[in-house]
2 protein chains.
Amino acid sequence: MRPESRSMRDSILAAAVQLFAQYGYHAAPLRDIARIAGIQAASIYHHYPSKQALLVEIMETHMQRLNTSLEYILKETDDPLQRLHDAIANHIRLHTTYKAEFFIIDTEMRALEEEHRPYILGLRDKYEALLQELLLDGMERDVFRRSDVKIASYAMIAMCTEVATWFRPDGRLSVQQVITIYRQFITEGLLHTPEVVAHMPDGAGHLL
Amino acid sequence: MRPESRSMRDSILAAAVQLFAQYGYHAAPLRDIARIAGIQAASIYHHYPSKQALLVEIMETHMQRLNTSLEYILKETDDPLQRLHDAIANHIRLHTTYKAEFFIIDTEMRALEEEHRPYILGLRDKYEALLQELLLDGMERDVFRRSDVKIASYAMIAMCTEVATWFRPDGRLSVQQVITIYRQFITEGLLHTPEVVAHMPDGAGHLL
DNA sequence: GTCTATATGTTGATAGAC
DNA sequence: GTCTATCAACATATAGAC
């Protein structure tokens, strides 16, 4: 593919990302996507067969990016806590770097036509399975508390994904600060750790 | 308002809830909403001034329901941990009871026209402020670990809200079980708490 | 590769009879 | 309060010139 056509293909996709994230898939007219890309609406069909194809490509690319990176972490690292730390950092880094793309994945699943939904849902299920593998391994090796693996994975994914909704690069916290705060929340929770409380005159009764 | 008209008004709203949740606001045609309610599309305009009015009423009603219930908890309870437990249970109970309505609130904010968005966003901000008040009070009284209050509230809301996405009344877990699991995850995190492990002969992980 | 022109269908909303 | 009939606008997608 020649450079010029590749560049226009990317411009169209970038415009779609912007408008799908801003207004939603159905509320984003092809004409507006074309206008931002600098061409006429009809010209989009030289690069993509349909509006739906834009949505599928956005979701596919970034779900695969997420899966590939988590697979790499599981392959390269053995220690459960290190794996968890890396997985949290990886999830939040990708969701802040590709904020709009992951916001679309998070909110426009319903806009997928029946033909493509199973494939994209499969990629999402794959990510959940990888994270559940990480959590289960950590529980079996007594690093993590034994609890419901599915719920734990849902909770982690939900809280780390939502960062894409509110994070601003010029905001109060850096990506690294957000990662550090989420890591502590996920591993230790909101309460003081028991030994700290237990060493106090009273208050141990609040533990369980 | 007479019973018959009130009933049709409710039927229309119920149909809108179903289709907005299933297909999204923009992808749900008024004609389909009317068909489910058992009337013609034009007849909807006797009960509601616009499609947008349906969305606003759904969001307003349930955000107020959420706020009122959390305000009641803060008024009636003083102990920070009890307040947190009650807030988690309340959030999850409402999000499973009014699953479709809260799913709409969570995914269709972008579909609000400029005229109504500030009001609904204000209700959402109010809920966040109430939860942050609960968390800050608990930190100042040394029941909760001192951490970033805003992030903690975002994380809690995100994970408890997403229950509305996957929960099934006939699924593996009851609402009460889900509440119990989320409470432990939020208060204690994923890691073993050293103290508990130390005091138990073996298998502290078998607590549940 | 991009354009203009247009096909084809659907949408939210209105008018006015009953 | 509900209907039928219809409007005006907008959507995605296609045809064919350049």
Atom-to-atom span, [atom1] of [X] to [atom2] of [N] - whole angstrom:
X      : N      : atom1 : atom2 : value
B/Y45  : C/dA15 : OH    : P     : 12 Å
B/Y48  : C/dT14 : OH    : P     : 17 Å
B/Y23  : C/dT11 : OH    : C1'   : 17 Å
B/L54  : C/dA13 : CG    : C1'   : 13 Å
B/E113 : C/dA13 : CD    : C1'   : 13 Å
A/I44  : D/dT14 : CD1   : P     : 13 Å
B/Q40  : C/dA13 : CD    : P     : 17 Å
A/H46  : C/dT4  : NE2   : C1'   : 17 Å

Residue pairs involving [range] (criterion ring-ring contact (aromatic ring centres under 6.0 Å, His included); sequence neighbours excluded):
range                       : answer
residues 62-81 of chain A   : A/H62-A/Y98, A/H62-A/F102
residues 155-187 of chain B : A/Y154-B/W166
residues 114-143 of chain B : B/H91-B/Y127

- Item | Listed once per pair and sorted, the salt bridge (Lys or Arg N to Asp or Glu O under 4.0 Å) pairs that draw on residues 22-39 of chain B, sequence neighbours left out |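 Salt bridge (Lys or Arg N to Asp or Glu O under 4.0 Å) check on residues 22-39 of chain B returns B/D32-B/R35.
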- Query: Which residue pairs satisfy the salt bridge (Lys or Arg N to Asp or Glu O under 4.0 Å) criterion with at least one member in residues 45-65 of chain B, sequence neighbours excluded?
  - Reply: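 Found B/R9-B/E57.
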- Residues passing the side-chain contact (heavy atoms from CB on, under 4.5 Å) test with A/D148, sequence neighbours excluded, are A/K150, A/I151, B/R172, B/L173, B/I181
- Query: In chain order, what residues pass the side-chain contact (heavy atoms from CB on, under 4.5 Å) check against B/T187, with sequence neighbours excluded?
  - Reply: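 Here the qualifying residues are A/L191, B/L81, B/L84, B/H85.
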Strictly under 3.5 Å: I want the nitrogen or oxygen pairs between protein and nucleotides 15-18 of chain D, one per line.
none

- Measure across B/I104 and B/F20 and return the closest heavy-atom pair with its distance rounded to 0.1 Å. CD1-CB, 3.6 Å
- Task: Please determine if a side-chain N or O atom of B/S43 lies less than 4.0 Å away from the OP1 or OP2 oxygen of D/dG1.
- Result: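 No, no such contact exists.
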- Message: Just N and O in the side chain of B/H47: are any of them under 4.0 Å from OP1 or OP2 of D/dT2?
- Response: yes
- Residues passing the side-chain hydrogen bond (donor to acceptor under 3.5 Å, both in side chains) test with B/E113, sequence neighbours excluded, are B/Q52
- Side-chain donor-acceptor pair present, A/D86, A/Q82, cut-off under 3.5 Å: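 A/D86 vs A/Q82: donor-acceptor pair found between side chains.
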- Can you list the residues that meet the salt bridge (Lys or Arg N to Asp or Glu O under 4.0 Å) rule with B/R183, with sequence neighbours excluded?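 Expected list: none.
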- Once you build an axis from the first five pairs and another from the last five of the helix from C/dG1-D/dC18 to C/dC18-D/dG1, how far apart in angle are they, to 10 degrees?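 Roughly 0° between the end axes, to the nearest 10°.
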- Task: Under 4.0 Å from any atom of DNA chain D, heavy atoms only: list the residues of residues 25-35 of chain A that qualify, in numerical order.
- Result: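 Hits under 4.0 Å, by residue number: A/A28, A/P29, A/L30, A/R31.
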